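Keep in mind that what you see is a predicted model, and the values were worked out from it rather than measured. Throughout, residue positions are numbered sequentially from 1 according to the sequence presented.
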Amino acid sequence: MAASTSPPGPQRPPAPDGPPAAGQTAQPANGHTQVRAAPPKPTWDPREPSRPYPWLRPTIRIRLTLLYGGMFLIAGMVLLTIIYLLAAQALHEGSQLPFRILNANAQLTSDSCPGLTGTLPSEVFMQRLADCTDTQRALALDQLLRRSLLALLGLAVAAFAFGYVMAGRVLAPLGRITRTARQVAGSDLHKRIELEGPDDELKELSDTFDEMLDRLDRAFTAQQRFVANASHELRTPLAINRTLLEVQLADPDASPELHQLGKTLLATNERSEQLVEGLLLLARSENEIVDRKPVDLSEVANQAVEQTRGEAQTKGVELRGVRQPAYVQGNGVLLERVALNLVQNAVRYNLRESGWVSVSTYAQPGQAVLTVENTGPAVPAYEIDNLFEPFRRLRSDRTGSDKGVGLGLSIVRSVARAHGGTVTAEPREEGGLLMRVSLPV
């Protein structure tokens, strides 16, 4: 049976996927053509706006040019005036006759020309008069030259002094920028220059520096906030895990295998809690200490020694040292953590037998010093800098033992920097380290 076929009609091309390109027409289902307008072009231009009259901008070059050009012009005018007055005085003195006539017999006398005295023949008189005039002219020129040189010397001294003062006033903003940069280098990212004055190169440099400090401040603040928030969020599940493990370990019907697993998990959870606490303290110690109070380093060191004495006795490590009063302005809790971290590291990384740790404090001119010296394995000098990096240990890139979480010395360095101080480590020839924390008074 043959199938009926309808006559072929005009074939329409399939509609393309997606919206038509800019400037193309859209073909709707009803057959009518709609013209779709192209999207508007963005009007925002990221380029810096051009100044209408850039040559009128009071730049440093223009100001210095006008300053020193004006000084040169004023000095030239003053020198010209002095030379004019000296020349007028010399002409006035030189215009006077070098002789006087005493009587009608042409008897001559002269104070400046001894040869023009008495009665002289006309030829002799004219010759001696010419010689006297040349001598007077030479003397006048020599006097004019000496006075001009003295005037030039005085103007040069005044010009250098005035130029030094004016250059200091023009370049004074550089001193302010330098002082702010030094304060920022001391971990104070909240300082700003906020330079006021003409819109010159120094103002542009100051504004650029302030913008850079804003970005750095936001970046550091965001980083510290992230670490703090992450640490706070980790505290809750860790606390819940510890509670559940302690409850399970307290069950008398639990099997020995379960007890052993619970103790292992509890130790791992405790290590994680220490890591979180260390991250929190590290994030907090990166900021500059604003609320400062008098703190005695000897008292802080004594507290750290007492807290570590039990562990030291267990490991057979002797604690000693002389702790003299040394007062600083700072945060007592953070400084106590510095001493505690140093003493704990010195006890844990020590000899198995006959080891000792010396904790001392003393005051020096302008600073207070805390030293922690211990016996222990030999430390290569090239490994010293790695010890202060987070999660770094001697001859190991990551933490891998039960002696800590690898943040102790990082916290020590951060707290010392926040107090404006420094921490250094020196390897001992017999083995061990000498840690020295210096804080400004």
Side-chain angles (χ1 to χ4, degrees), residues 179-191 220 224 277-278 280-312 317-350 356-375 384 387-388 404 407-428 432-441:
R179 290 190 298 270
T180 305
R182 288 176 179 173
Q183 293 176 353
V184 171
S187 303
D188 188 6
L189 292 177
H190 302 291
K191 294 289 184 179
F220 278 99
Q224 294 168 6
E277 293 294 334
L280 266 176
L281 184 59
L282 184 62
R284 196 176 101 190
S285 61
E286 288 289 342
N287 295 326
E288 184 188 10
I289 305 301
V290 178
D291 187 14
R292 296 173 179 262
K293 297 180 180 179
V295 179
D296 187 4
L297 281 185
S298 62
E299 182 180 354
V300 168
N302 288 330
Q303 292 289 339
V305 169
E306 292 301 324
Q307 294 181 38
T308 322
R309 190 174 298 278
E311 184 178 359
V317 177
E318 177 188 359
L319 296 177
R320 60 192 186 189
V322 178
R323 290 172 284 278
Q324 302 175 358
Y327 289 90
V328 297
Q329 295 290 330
N331 186 295
V333 177
L334 294 180
L335 292 178
E336 183 178 346
R337 179 55 66 93
V338 167
L340 182 61
N341 287 356
L342 291 178
V343 177
Q344 285 180 346
N345 281 351
V347 170
R348 293 171 183 175
Y349 297 93
N350 213 308
W356 54 265
V357 175
S358 177
V359 183
S360 304
T361 59
Y362 55 91
Q364 288 185 344
Q367 62 180 357
V369 181
L370 165 67
T371 61
V372 178
E373 185 178 3
N374 69 300
T375 56
I384 295 297
L387 297 178
F388 292 95
L407 291 175
L409 294 183
S410 300
I411 294 174
V412 170
R413 183 177 61 177
S414 298
V415 174
R417 287 180 176 177
H419 285 78
T422 58
V423 55
T424 58
E426 300 177 6
R428 300 176 68 251
L433 288 173
L434 172 61
M435 308 293 296
R436 180 181 288 105
V437 179
S438 300
L439 301 176
V441 178

ask   = Are Val359 and Leu342 side-chain neighbours, meaning at least one heavy-atom pair lies under 4.5 Å?
value =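 Heavy-atom side-chain distance check fails, nothing below 4.5 Å.
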
message = Holding to side chain to side chain contact (heavy atoms under 4.5 Å, CB included), I want the full list of residues that pass it with Thr422, two or more places apart in sequence or in another chain.
response =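 Residues passing side chain to side chain contact (heavy atoms under 4.5 Å, CB included) with Thr422: Ser438.
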
Point-to-point distance, once rounded to the nearest 0.5 Å, from [atom1] of [X] to [atom2] of [Y]:
X: Met435; Y: Leu409; atom1: CE; atom2: CG; result: 5.0 Å
X: Tyr327; Y: Leu439; atom1: OH; atom2: CG; result: 15.0 Å
X: Leu340; Y: Asn345; atom1: CG; atom2: CG; result: 9.5 Å
X: Ser414; Y: His419; atom1: OG; atom2: NE2; result: 12.0 Å
X: Arg348; Y: Asn374; atom1: CZ; atom2: CG; result: 13.0 Å

Closest heavy-atom contact between [X] and [Y]?
X: Ala301; Y: Leu370; value: CB-CD1, 4.1 Å
X: Ala363; Y: Pro325; value: CB-O, 4.3 Å
X: Val295; Y: Asn331; value: CG2-C, 4.3 Å
X: Ile384; Y: Pro427; value: CD1-CD, 4.1 Å
X: Ala326; Y: Ala368; value: CB-CB, 3.7 Å
X: Arg337; Y: Ile411; value: CG-CG2, 4.2 Å

Option passing side-chain contact (heavy atoms from CB on, under 4.5 Å) with Arg323 (candidates Leu297, Thr371, Asn302) =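 Of Leu297, Thr371, Asn302, side-chain contact (heavy atoms from CB on, under 4.5 Å) with Arg323 is met by Asn302 alone.
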
Of Val423, Val415, Val372, Leu335, the residue whose pairing with Val437 passes side-chain contact (heavy atoms from CB on, under 4.5 Å) =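 Testing each of Val423, Val415, Val372, Leu335 against Val437, the sole residue satisfying side-chain contact (heavy atoms from CB on, under 4.5 Å) is Val423.
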
ask   = Around atom OH of Tyr362, are there more than 12 heavy atoms of other residues, nucleotides or ligands at under 6.0 Å?
value =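 Enclosed.
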
request  = Answer yes or no: are there more than 12 heavy-atom neighbours, outside Gln367 itself, under 6.0 Å from its atom CD?
outcome  =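 More than 12 within 6.0 Å, yes.
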
key: For Glu373, all residues meeting salt bridge (Lys or Arg N to Asp or Glu O under 4.0 Å), sequence neighbours excluded   =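 Listed in chain order: Arg428.
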
task = Dump the intermediate steps for side chain to side chain contact (heavy atoms under 4.5 Å, CB included) on Leu387 and Leu433, then the final yes or no.
result = CA-CA 11 Å; Leu387 297 178; Leu433 288 173; 3.9 Å; yes

query = Thr308 side chain to Gln344 main-chain N or O, any donor-acceptor pair under 3.5 Å?
reply =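 No.
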
